[in-house]
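The structure appears right after this line, and notes come after that.
Computation of the quantities below employed the complete heavy-atom set of this structure, encompassing side-chain atoms and omitting hydrogens, waters and symmetry-equivalent molecules. Keep in mind the model is a prediction, meaning the values are calculated, not measured. Chain naming here is simple, since letters A, B, ... match the order of the sequence lines and numbering starts at 1 in each.
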Amino acid sequence: MDKKQVAEILEEIADILELKGEVEFKVRAYRNAARIIRDVKGDLKELVDSGDLAKIKGIGPNLFEKIKELVNTGQLKYYEELKKSIPEGLFELLQIRGLGPKRIKAIYEKLGITTLAELEYACRENRLLKLEGFGKTIQDKVLKEIERLKRSSEYHLISFIFPIVKAIEDFVNSNLDVIDFTITGSWRRRKEIIRDIDVVLNLKQKNFNRTIEAIQKNFPHTKILKSDDNFISLHSEFGVSVDFILSDEDYAFKVFYTTGSKEFLEKFGKHIGKLGFELKDDGIYKNADKIDFSNEVEIFEKFKMKFIPPEIREGFDEIELALNGEIPELIQEKDLLGVFHIHSTYSDGSDTLEDMIAECEKLGFKFVGISDHSKSAYYAGGLTEDRLIQQWKEIDELQKKFKIKILKGAEVDILPDGSLDYSDEILSKFDFVIASIHSKFRMTEEEATNRIIKAMQNPYVTILGHPTGRLLLGRDGYPVDMKKIIDEASKLGVAIEFNANPHRLDIDWRFINYARSKGVKISINPDAHAIGEIYYTILSLGTARKGMLTKQDVLNAMNVSEVQNFLKTHRLKK
DNA sequence: GCCGTTTTCGGCCCGACTGTTTTCAGTCG
């Protein structure tokens, strides 16, 4: 182990000690030692062997022994033990400028936050404001910093990719002379997390150099990673890799092929192989002849398949369905008639009830379901019964002002024993109730599943909120037997939320098709804490479509009277 | 953690800056 590596470990020990609240002078001793090791002249191993290292001011007996162990064995027991004593994710938080060990310690101890994604989510819910010594400025700064850090990591949330996609579309439209272009890859398939962006270009003049020039002119901080005659890969200043794929007559094929997924293409290739065709990475062949396609639909038609929407090209049973003409009509933006799961300043939202409602009306929705947190969610300023009554009064007043139908609801905490955070008497007064878990995540699968099922059995619960509690790129959800929960929801007539917040996208789309096969309604909910978040409903629709959702499967694709009817009969049923 | 010694434990760098709070705490360099 060389000087640099040893110094880094000593620094890390100092970080951990600081996070653990050790006396600052001990921490300083480690930092000091790290600097000494980094700067010391001569070979470190010789200095250890001769004992000369111990003579340097700042290296006492204790540090000398630790450095000796590192140099000789390549590891350090003390360090390994120390690392285990705090959550790994806390190290990431140290990268945030403006957050030192003291503040991270507070965030960890008071809010239980251990990862960047959790911290970001907490900021968006204004939970940092609740901590002593924290204010809006720090919270905003933290958010900005997290945004920066996220750019350097490998995978990205769709809310991060979306504006980049927009920027690329604008760039292509105004700078390149194209016949057509498509952003393909996992973005087109609306995967829940995305690594890079693929753009297939069909240029009027196949001028490769001019394309590169235009890119460099518009994005001066962009680095071209590699390029050849029909491929430009760059690390964009957005912090994500973008590949431009230049096409010719093979535009349709390239769109098809780069959309993927790998699993879908494999199955597709296997199928057409049986028919005497071959799928290669540059085209579809019959014997030695490449087949021309003028658009993607033709590719499917050629093999007697119904068009498979990109979102469901994941290598499950979509090819069989397409061959049988059984691809369902997937839900579209225009089908969404309302939104549930809207927070306001009554609990942890940033915008007032009136502003949230006004925005929903502006977006063309016919109904809006208000659902602030329940009383136990103290971290989110959950509503006591008194405040609830106040909110209902305000809603009644606002209803006179707005055309959009306002539904009174709540996001009620499912307590650890599966009971709910309001009495049945209170619950009966809501138009709808979303039940979600926000506390005590550490459970076995059986415990979590039973906790949720018990909550769903309450006659007033209409929607199960974010069923696993996962935060994408942040933390795994609590383990649940999702099929069992869906079966139970089916029996009880409870709808399940597809939480459209890009951090969640929970229920996972992989279970949606099963839910719809059981007749369980899915509610596509923005879980909005600010007016700008209501659009999550639209942004995440594509990921919901991956579960083959149709209009008939979606609770908020019903009109107002249908929804009211659903809510009413649901209670009678139980 | 280390240092320095009045050899047994008290002291260990600090000012600028920022944000929160209204006199101070935390971070950074």
Kindly say if A/Thr137 contacts the phosphate of B/dT20, meaning a side-chain N or O under 4.0 Å from OP1 or OP2.
-> yes

Pairwise C1' distance for B/dG11 and B/dT6, with rounding to whole Å = 15 Å

Starting at CD of A/Glu145 and ending at C1' of B/dG19, how long is that distance when rounded to a whole Å?
-> 16 Å

Once you round it to whole Å, what is the distance between C1' of B/dC28 and CG of A/Leu94?
-> 14 Å

How far, in whole Å, is B/dT18 from B/dT23 if one measures between their C1' atoms?
-> 15 Å

note: A/Asn62, atom CG; B/dC3, atom P; distance rounded to Å ~ 11 Å

Across every strand shown, the nucleotide meeting Watson-Crick or G-U wobble geometry with B/dC12 (both distances under 3.5 Å) is B/dG1

List in numerical order all residues of residues 43-58 of chain A for which some heavy atom is under 4.0 Å away from an atom belonging to DNA chain B.
-> A/Ile56, A/Lys57, A/Gly58

C1' atom, B/dC2 versus B/dT7: distance in rounded Å?
-> 16 Å

Hey, which sits more toward the 5' end of DNA chain B by its nearest nucleotide, A/Phe134 or A/Ile59?
-> A/Ile59

Measure from CD on A/Glu65 to P on B/dC2 and round the result to the nearest Å.
-> 11 Å

Separation of A/Ile104 atom CD1 from B/dC28 atom C1', in whole Å?
-> 14 Å

Rounded to the nearest 0.5 Å, what's the gap from CZ on A/Arg31 to CD1 on A/Ile36? Could you check?
-> 14.0 Å

Please give, in whole Å, the distance from B/dT21 P to A/Leu129 CG?
-> 10 Å

Does NZ or CZ of A/Arg189 fall inside the cone over A/Trp187's six-membered ring, less than 6.0 Å from its centre and within 45° of the axis?
-> no

A/Arg97, nearest nucleotide to its side chain (from B/dG19, B/dG26, B/dC28) = B/dC28

Rounded to whole angstrom, note down the C1' distance from B/dC17 over to B/dC12.
-> 24 Å

Closest to the 5' end of DNA chain B, once A/Leu99 and A/Gly133 are matched to their nearest nucleotides, is A/Gly133

Criterion side-chain contact (heavy atoms from CB on, under 4.5 Å) on A/Ile194 and A/Val240, from CA distance to verdict = CA-CA 9 Å; A/Ile194 288 168; A/Val240 56; 5.9 Å; no

For residues 66-93 of chain A, which residues have at least one heavy atom under 4.0 Å from DNA chain B?
-> A/Lys66, A/Tyr78

Taking the side chain from A/Arg470 and the backbone from A/Arg504, do they hold a donor-acceptor pair closer than 3.5 Å?
-> yes

A/Lys408 NZ: over 12 foreign heavy atoms closer than 6.0 Å | yes

Round to a whole Å and report the spacing from NZ of A/Lys102 to C1' of B/dC24.
-> 13 Å

Between CZ of A/Phe367 and CD1 of A/Ile404, what distance do you get to the nearest 0.5 Å?
-> 8.5 Å

Centroid-centroid distance, A/His466 to A/His438, less than 6.0 Å = yes

Indicate syn or anti for B/dT22, taking the glycosidic torsion and treating anything within 90° of 0 as syn.
-> anti

For A/Lys136, answer base if it contacts any base atom (sugar-phosphate contacts may also be present), sugar-phosphate if it contacts only those atoms, and nothing otherwise; contact means non-hydrogen atoms under 4.0 Å.
-> sugar-phosphate

For nucleotides B/dT21 and B/dA16, find the distance between their P atoms and express it as a whole number of Å.
-> 24 Å

Spacing of the C1' atoms in B/dC13 and B/dC3 (rounded, Å) | 15 Å

Separation of A/Arg103 atom CZ from B/dC28 atom C1', in whole Å?
-> 11 Å

Could you check which of B/dG1, B/dG19, B/dC28 has an atom nearest any side-chain atom of A/Leu63?
-> B/dG1

Value for CG (A/Leu47) from NZ (A/Lys3), rounded to nearest 0.5 Å, stands at 7.5 Å

Within residues 11-31 of chain A: residues closer than 4.0 Å to DNA chain B (heavy atoms) | A/Phe25, A/Lys26, A/Arg28, A/Ala29, A/Tyr30

Assess whether side-chain contact (heavy atoms from CB on, under 4.5 Å) is satisfied between A/Phe91 and A/Ile16, documenting all intermediate values.
-> CA-CA 8 Å; A/Phe91 282 104; A/Ile16 300 172; 3.3 Å; yes

Is A/Lys77 salt-bridged to A/Glu80, cutoff N-O under 4.0 Å?
-> no

Mind checking whether A/Phe432 and A/Tyr460 have ring centres under 6.0 Å apart?
-> no

Derivation of the side-chain contact (heavy atoms from CB on, under 4.5 Å) call for A/Leu44 and A/Val6 = CA-CA 10 Å; A/Leu44 186 58; A/Val6 171; 3.9 Å; yes

So does A/Lys66 pair up with A/Glu69, basic N to acidic O under 4.0 Å?
-> no

Side-chain atoms of A/Ile138 come closest, of B/dC2, B/dT27, B/dG19, to B/dG19

Rounding to the closest angstrom, what is the interatomic distance between B/dC28 and B/dT20 at atom P?
-> 15 Å

